[in-house]
Asker: 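Questions regarding the structure given below will be posed in turn.
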Amino acid sequence: MIVSQEASSSLIEIAQLTRQAARELAMLSAAARNDAIEAIAQALESMMPEILTANRADCQAAEAEGISKSLYARLKLDETKLQGAIAGVRDVGSLPDPVGKLEIHRQLDRGLILKRVSCPLGVLGVIFEARPDAVMQISSLAIKSGNGVILKGGKEAVRSCDALVKAIRLGLEKSDVSPNVVQLLTTREEISTLLKLDEYVDLIIPRGSNSFVRFVQENTRIPVLGHADGICHLYVDGAAEITKAVDITVDSKTQYPAACNAIETLLVHKSIAPDFLPLVAAALKSRNVELRGDDRAREIVEMLPATETDWATEYSDLILSIKIVDCLADAIAHINTFGSRHTDAIVTENNDAAKLFIAQVDAAGVYHNCSTRFADGYRYGFGAEVGISTQKMPPRGPVGLEGLVTYKYQLTGDGHIVESYSGKNAKSFDRQNLPLE
Ligand SMILES: NC(=O)C1=CN([C@@H]2O[C@H](COP(=O)(O)OP(=O)(O)OC[C@H]3O[C@@H](n4cnc5c(N)ncnc54)[C@H](OP(=O)(O)O)[C@@H]3O)[C@@H](O)[C@H]2O)C=CC1
Ligand SMILES: N[C@@H](CCC(=O)OP(=O)(O)O)C(=O)O
């Protein structure tokens, strides 16, 4: 993607402003950061009419473009959702301060004290899908953790993101935090330039498809925290309690079909299939879910045929593929082959089977007898989330404040040198742990 020199220069200026503002933010007290978050909440409340108008325009444009119902539900920011998101901003403000946490405090020797203290990363670049409520979650988490953030949302939400960031910056103007800590980009061309700004940006968080995350990883030297596909599974074991299994299946598929933590494939043990499948199929069809099954599933319930492609597809919609398996091992093998290491669940009353599933399924979230829709920073008690990391290296799963800070080792001596601890007359370390508060 070609970006004009002028556009590139202005983006570098934006990144420079953000870095400077982030450095100032990192020096502020927790109280000042919390006050800024409250100021943001108040500004969002005062600008609700403008935000709702902008979102209606986005929704109308998206409908004209033929957006699917489930992606429309994710794009829509009505008054209830907006009020909930503003409450979520305040929730972040009330979380414990992630900055300046004393994680190691050790006397290596008399007068030689080691500390490990948490500190902000610096400037975050977060590219996310057409989900306007993410703007408020990510911005509040960034400020709470002392970071600047350069945002870019999905094109369908461009008006909503613009109105939200305007409100956030208006709120910051009434605080000790510079409005420059929150910036908004709107085009893919700008992203291509942003990926080159490793001098100013400390972490890129792409929330999107595997191909998009890979595109980012291949086009930047900036560390990347990938929040990719959600090909999530629910396995109904032969020892499952059927009513529980039906309820969990319906919630995991239909509570928020566009969410990356909604299930895309249902695996069913052959022993329970004749009793379970008719019940769950009726429940799903009554909620307009299109079912696609393998041959054995289709012998029990009438549905469309599933193909090999279906096992690797994230529908992000009211579509569910169904496969019957002979045993737990086959279910685990299927998940570890076709899954995206996001969130996978088992329904069973056999605790040994559950333990084996939890131990052997390689995913950020491995659940027993509950809906995959619980994979969420707010629901985990993190206040909010920057997204759901599907990489193996931590932070993995829903990423809250702990994923947005790093740390420094601080060593204070009084003329100590290593030579004293070397050779035949070496002094010994005492390495006594000291209180962490
Ligand atoms: N793990 C998580 O937390 C999340 C995972 N996802 C996953 O992302 C997938 C797709 O979601 P979807 O809504 O389609 O989001 P997309 O992957 O289409 O887009 C996400 C963001 O990335 C941008 N983008 C995509 N491709 C490029 C590119 N080549 N260059 C620059 N920017 C790009 C989009 O910009 P533009 O709007 O211009 O296309 C958008 O801002 C799903 O699998 C979903 O599960 C989604 C959200 C969160
Ligand atoms: N944690 C979120 C899902 C993560 C997310 O943002 O996914 P998506 O709806 O694909 O943008 C939720 O449970 O709504």
Side-chain angles (χ1 to χ4, degrees), residues 1 3 58 61-62 65 67-68 70-77 81 84-85 88 125-138 141 150-161 184-196 204-220 224-232 251-252 255-264 312-317 339-343 363-365 371-391 395-400 403:
M1 291 171 186
V3 182
D58 278 337
E65 291 289 313
I67 192 171
S68 73
S70 50
L71 292 181
Y72 180 90
R74 188 177 69 177
L75 171 66
K76 187 157 185 56
L77 185 68
K81 206 175 193 182
V126 186
I127 308 126
F128 55 97
E129 67 290 8
R131 185 185 176 110
D133 47 329
V135 172
M136 294 170 273
Q137 289 194 24
I138 297 166
L141 286 170
I150 300 175
L151 299 163
K152 194 270 173 193
K155 57 187 171 299
E156 300 84 356
V158 66
R159 301 171 186 85
S160 309
C161 293
L184 178 67
L185 306 181
T186 56
T187 68
R188 291 192 174 196
E189 292 69 25
E190 288 172 313
I191 297 305
S192 297
T193 305
L194 181 71
L195 296 183
K196 296 178 175 56
I204 294 283
I205 302 176
R207 290 174 40 150
S209 57
N210 277 340
S211 57
F212 171 50
V213 172
R214 214 166 25 255
F215 163 81
V216 170
Q217 288 164 330
E218 290 164 1
N219 287 278
T220 188
V224 177
L225 179 54
H227 294 211
D229 286 0
I231 300 184
C232 304
D251 188 80
S252 298
Q255 204 276 333
Y256 199 140
C260 54
N261 53 23
I263 58 169
E264 308 297 352
T313 299
E314 183 182 19
Y315 306 109
S316 297
D317 208 338
S340 59
R341 293 180 167 179
H342 190 296
T343 306
S371 171
T372 58
R373 284 283 296 131
F374 281 105
D376 175 72
Y378 171 74
R379 289 187 278 278
Y380 277 16
F382 301 162
E385 70 181 23
V386 179
I388 299 178
S389 165
T390 49
Q391 65 182 32
R396 190 181 195 191
V399 176

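Here the structure is a predicted model, which is why all the values come from computation and not from measurement. For ligands, and for the atoms within them, numbers begin at 1 and follow the listed sequence.
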Asker: By side chain to side chain contact (heavy atoms under 4.5 Å, CB included), which residues pair with A228, not counting sequence neighbours?
Answerer: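 Expected list: N210, V213, T390.
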
Asker: Side chain, backbone, both or neither: which part of I127 has a heavy atom under 4.0 Å from ligand 1?
Answerer: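 Near ligand 1, I127 shows its side chain, while the N, CA, C and O stay back.
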
Asker: Under 4.0 Å from any heavy atom of R207, which atoms of ligand 1 are there?
Answerer: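 Every atom of ligand 1 under 4.0 Å from some heavy atom of R207: 20 (C), 21 (C), 48 (C).
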
Asker: What atoms in ligand 1 come closer than 4.0 Å to a heavy atom of R74?
Answerer: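 By the 4.0 Å cutoff, the relevant atoms are 12 (P), 13 (O).
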
Asker: Contact between E385 and ligand 1, counting heavy atoms under 4.0 Å?
Answerer: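 Not so, E385 does not reach ligand 1.
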
Asker: For ligand 2, list all ligand N or O to protein N or O distances below 3.5 Å, rounded to 0.1 Å.
Answerer:
unit_1	atom_1	unit_2	atom_2	d
ligand 2	1 (N)	A375	O	3.3
ligand 2	1 (N)	D376	OD1	2.7
ligand 2	1 (N)	E385	OE1	3.3
ligand 2	1 (N)	E385	OE2	2.7
ligand 2	6 (O)	E129	OE2	3.3
ligand 2	6 (O)	R131	NH1	3.3
ligand 2	6 (O)	R207	NH2	2.8
ligand 2	7 (O)	C260	N	3.4
ligand 2	9 (O)	R131	NH1	2.4
ligand 2	10 (O)	R74	NH1	3.1
ligand 2	10 (O)	A258	O	3.4
ligand 2	10 (O)	C260	N	3.2
ligand 2	11 (O)	E129	OE2	2.2
ligand 2	11 (O)	R131	NH1	3.3
ligand 2	13 (O)	N261	ND2	2.9
ligand 2	13 (O)	R373	NH1	2.7
ligand 2	13 (O)	R379	NH2	2.5
ligand 2	14 (O)	R131	NH2	2.6
ligand 2	14 (O)	R373	NH1	3.4

Asker: A130 to ligand 1: N or O pair under 3.5 Å?
Answerer: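 N/O-N/O distance under 3.5 Å: no.
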
Asker: For S209, take its heavy atoms, then give the atoms of ligand 1 lying under 4.0 Å from any of them.
Answerer: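 So the answer, numbered in order with elements, is 8 (O), 9 (C), 10 (C), 17 (O).
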
Asker: Could you check whether any heavy atom of A228 sits closer than 4.0 Å to an atom of ligand 1, since that is the contact criterion I want to use?
Answerer: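 A228 counts as a contact of ligand 1 under the 4.0 Å cut-off.
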
Asker: Would you give me the side-chain donor-acceptor pairs under 3.5 Å for residues 374-388, sequence neighbours excluded?
Answerer:
unit_1	atom_1	unit_2	atom_2	d
D376	OD2	Y378	N	3.0
D376	OD2	R379	N	3.0
R379	NE	R373	O	2.9
R379	NH2	R373	O	2.8
Y380	OH	Y367	OH	2.4
E385	OE1	G377	N	2.6

Asker: Where on R214 is there a heavy atom closer than 4.0 Å to ligand 1, on the side chain, on the backbone, on both, or on neither?
Answerer: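 Neither part.
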
Asker: Using heavy-atom distances only, which candidate in N219, I388, I231 approaches atom 1 (N) of ligand 1 most closely?
Answerer: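 Heavy atom nearest to atom 1 (N) of ligand 1 belongs to I388.
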
Asker: Checking P257 now: which residues fulfil side chain to side chain contact (heavy atoms under 4.5 Å, CB included) with it, not counting sequence neighbours?
Answerer: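 For P257, the residues satisfying side chain to side chain contact (heavy atoms under 4.5 Å, CB included) (neighbours in sequence not counted) are S70, L318.
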
Asker: Any donor-acceptor pair under 3.5 Å linking the side-chain atoms of S340 with those of D229?
Answerer: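 Note: D229 and S340 side chains miss the donor-acceptor criterion.
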
